[in-house]
Protein chains: 2
Amino acid sequence: MSSSDARLSHLMAVLQGRRFRLTPQRLAILRLVARSDGHPSIEEIYEHLREDFPTMSIATVYKTVTLLKELGEVLELSFPEEGVKRYDGAKPYPHPHLICVRCRKILDPDLGSLTPLVETAARRTGFRILSHRLDLYGLCPECQAREQGGEDAPPAHGTETDGNRLPIRLSGDCAPPHAPGDGAEPTPWRRP
Amino acid sequence: MSSSDARLSHLMAVLQGRRFRLTPQRLAILRLVARSDGHPSIEEIYEHLREDFPTMSIATVYKTVTLLKELGEVLELSFPEEGVKRYDGAKPYPHPHLICVRCRKILDPDLGSLTPLVETAARRTGFRILSHRLDLYGLCPECQAREQGGEDAPPAHGTETDGNRLPIRLSGDCAPPHAPGDGAEPTPWRRP
DNA sequence: TCCTTATAGAAAACTATTATCCTATGAAAT
DNA sequence: ATTTCATAGGATAATAGTTTTCTATAAGGA
Ligand SMILES: [Mn+2]
Ligand SMILES: [Mn+2]
Ligand SMILES: [Zn+2]
Ligand SMILES: [Zn+2]
């Protein structure tokens, strides 16, 4: 039994346990969300599902995913750079993400625990930390190779709105803006 | 000379150096952005400025802030939970943020460098990290006190859309959803 | 099988943001 | 001083993801 199969069973059990109806549309959405390859967006889920459900409304996808989010069974990740929200139904708890700014692939890197960082923040500020989000933006190995070689070759991953060429800057800690889109200049940052 | 004064001078110098006109409206926006108390939104900047410029259009605020962002002089932070983008013109480079989920105050905590974390990710995945974003969500000391005491007392900070009561859960690493809004149930997360 | 009611689907409504249009401004050039 | 003309401000329209509203339908229990 694969991990996503177990996850699917769990999601089904949660819905049925709460007396929510398990419609064919919902089941299909659960299947996609339980796998969550590449952290799908509403639009992507919708496009996949209309193959099997040509009459499905995108509102249904919104409503089902929102329901899962409210049940704590899906993690919502907003990506304002591309103007969509993406969802992780395989790991519904906060965890770091690694995003390639060129081909837009999204990974769940296995970093160390963020607990020490969180505890430092709590100690120094008096906050009680409840949640967090860490996103690392950069170039995946494939896109790095493509970068130095021919400047051509289209991106690997699926839907790309338009030209997402990046500004070619490297940095360790103080780096390009959060939305490394098509900014005009090299953005010469300075630390205080 | 305060830190924000120095920052204002810098912003003015940048605009003038690039041969952008330093209009009264822009100067007023620069002043607010250079201070960046609480990481203002476009709407908040607009509301402050229309006291001095009753005829100002919100489009002007959008255009000026966007210009500063493209010049790398302002950090844009999208907060989908409240449906707005906020701006930090005092520290235009990526840095962690601490957000109170109740009163919505936003702080720049002084944590250690994220460089080791970033390098770990780079080593393990082959990515070239260019940028990052770390947000910690929780309860500020004031709101913690208000929490255990009377369940009443309105939030301290400015605009709050509606009831942002939180689910009262504590956690260190695996915590409530990223948007700890008015979710229905306690969200019983499980790690794999 | 029947009944109750949550849900699907279609479309309108919403809203932060962006683009467009036009006029005003102001820094040169004459 | 006058003309020029690119830039900027103000008003408004357009965009797009998301939410809401309404009604017919079908899930699931009796
Ligand atoms: Mn993930
Ligand atoms: Mn900040
Ligand atoms: Zn890539
Ligand atoms: Zn607070």
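Note on naming: letters A, B, ... go to the chains in the order of the sequence lines (proteins, then strands), and numbering restarts at 1 for each one.
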Quiz item: Taking only side-chain nitrogens and oxygens of B:Q25, does any of them come within less than 4.0 Å of OP1 or OP2 of D:dG10?
Solution: yes
Practice problem: Figure out the CZ/P separation between B:R50 and D:dG9, and round it to whole Å. | Solution: 17 Å
Exercise. Can you tell me the distance, in whole Å, between the CD1 atom of B:I29 and the C1' atom of D:dG9?
Key: 10 Å
Self-check item: Euclidean distance, atom CD of residue A:E81 to atom P of D:dA16 [Å, nearest integer]
Solution: 18 Å
Exercise. Could you tell me the separation between the CZ atom of B:R18 and the P atom of D:dA8, rounded to a whole number of Å?
Key: 13 Å
Practice problem: Mind telling me whether B:H95 and B:H39 have parallel, tilted or perpendicular rings, with 30° and 60° as the class edges? | Solution: tilted
Exercise. Could you tell me whether the side chain of B:L11 reaches within less than 4.5 Å of the side chain of B:L15, counting heavy atoms only?
Key: no
Let me check something: any side-chain donor-acceptor pairs from residues 22-35 of chain B under 3.5 Å, sequence neighbours excluded? List them with distances.
from, atom 1, to, atom 2, distance (Å)
B:T23, OG1, B:R26, N, 3.2
B:R26, NH1, B:R21, O, 2.8

Taking only nitrogen or oxygen atoms into account, show me every contact under 3.5 Å that the protein makes with nucleotides 28-30 of chain D, one pair per line with its distance.
from, atom 1, to, atom 2, distance (Å)
D:dG28, OP1, A:L22, N, 2.9

Practice problem: Examine the side chains of B:H132 and A:D135 and answer whether a donor and an acceptor come within less than 3.5 Å of each other. | Solution: no
Exercise. Measure the distance from CG on B:L15 to P on D:dT7 and round it to the nearest whole Å.
Key: 14 Å
Practice problem: Let me know the distance between CZ of B:F79 and P of C:dT17, rounded to the nearest Å. | Solution: 12 Å
Practice problem: Would you give the length of the straight line joining atom CD1 of A:I106 to atom CG of A:D88, rounded to the nearest 0.5 angstrom? | Solution: 9.5 Å
Practice problem: Would you mind reading off the distance between B:L27 atom CG and D:dA8 atom C1', rounded to a whole angstrom? | Solution: 15 Å
Self-check item: Sub-4.5 Å side-chain heavy-atom contact between B:R102 and B:R146
Solution: yes
Exercise. Examine B:Y137 and B:V84 and state if one hydrophobic cluster contains both, with Ile, Leu, Val, Met, Phe, Trp and Tyr joined whenever side-chain heavy atoms are less than 4.5 Å apart.
Key: no
Quiz prompt | Contacting residues from residues 56-68 of chain A, given that a heavy atom lies under 4.0 angstrom of DNA chain C | solution = A:M56, A:S57, A:A59, A:T60, A:K63
Quiz item: Can any side-chain N or O of A:E82 pair as donor or acceptor with the backbone N or O of A:R104 at less than 3.5 Å?
Solution: no
Practice problem: Before accepting this row, confirm whether a basic side-chain N of the pair B:R86/B:E76 lies closer than 4.0 Å to the acidic partner's carboxylate O. | Solution: no
Self-check item: Length of the CD-P vector between A:E70 and C:dT7, whole Å
Solution: 12 Å
